[in-house]
Q: 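Quick one: structure below, then a few questions.
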Amino acid sequence: MIAPGIKIGSFIGSAVDFVVIALVLFVSIRALERLKHQSVAAVPMPAAPDPILLAQERLTVALERLTQVLESQQP
């Protein structure tokens, strides 16, 4: 006993318990993060659409709208 009311063995035991619990929490959180990253990496990313096809689709839609406008203006 160092000071009144402080027991060395009890203090060291509590410190060891804290370190063990902190280590277990740290390791388990790291393992969960790795599993999360593996599951995200396992999902394949969709292929980027071809810009030429996108441009053709936009032009087709624009031509359809233009056709509708011209047809609606005819008497």
Side-chain angles (χ1 to χ4, degrees):
M1 194 145 95
I2 294 178
I6 298 178
K7 297 181 182 175
I8 292 289
S10 177
F11 176 75
I12 292 176
S14 295
V16 169
D17 287 343
F18 174 78
V19 169
V20 168
I21 291 171
L23 181 64
V24 168
L25 285 174
F26 176 76
V27 170
S28 61
I29 290 172
R30 292 279 299 224
L32 288 174
E33 286 179 358
R34 285 184 184 166
L35 287 175
K36 187 189 312 182
H37 288 297
Q38 286 177 354
S39 66
V40 169
V43 175
M45 297 299 288
D50 189 15
I52 295 173
L53 291 176
L54 289 176
Q56 288 176 351
E57 289 175 6
R58 287 187 200 125
L59 286 173
T60 303
V61 170
L63 285 173
E64 289 173 354
R65 286 186 201 157
L66 182 61
T67 303
Q68 289 175 354
V69 168
L70 290 175
E71 287 176 353
S72 68
Q73 290 180 354
Q74 290 179 355

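The structure displayed is predicted, hence computed values, not measured ones.
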Q: According to a hydrophobic-cluster definition based on side-chain heavy atoms being under 4.5 Å apart (Ile, Leu, Val, Met, Phe, Trp, Tyr only), do F26 and F18 belong together?
A: no

Q: Going from CZ on R34 to CG on L32, what distance comes out if it is rounded to the nearest 0.5 angstrom?
A: 11.5 Å

Q: Applying side-chain contact (heavy atoms from CB on, under 4.5 Å) between Q56 and each of I52, L54, L59, report the one that passes.
A: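 That would be I52.
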
Q: If Ile, Leu, Val, Met, Phe, Trp and Tyr residues are connected whenever their side-chain heavy atoms lie under 4.5 Å apart, and connections chain through other members, are V19 and F11 in the same group?
A: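 Unlinked, V19 and F11 end up in two clusters.
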
Q: Share the residues that join L66 in a hydrophobic cluster, the rule being Ile, Leu, Val, Met, Phe, Trp or Tyr side chains under 4.5 Å apart at the heavy-atom level.
A: L70

Q: Applying the side-chain contact (heavy atoms from CB on, under 4.5 Å) test to L25, which of V27, I21, L23 qualifies?
A: I21

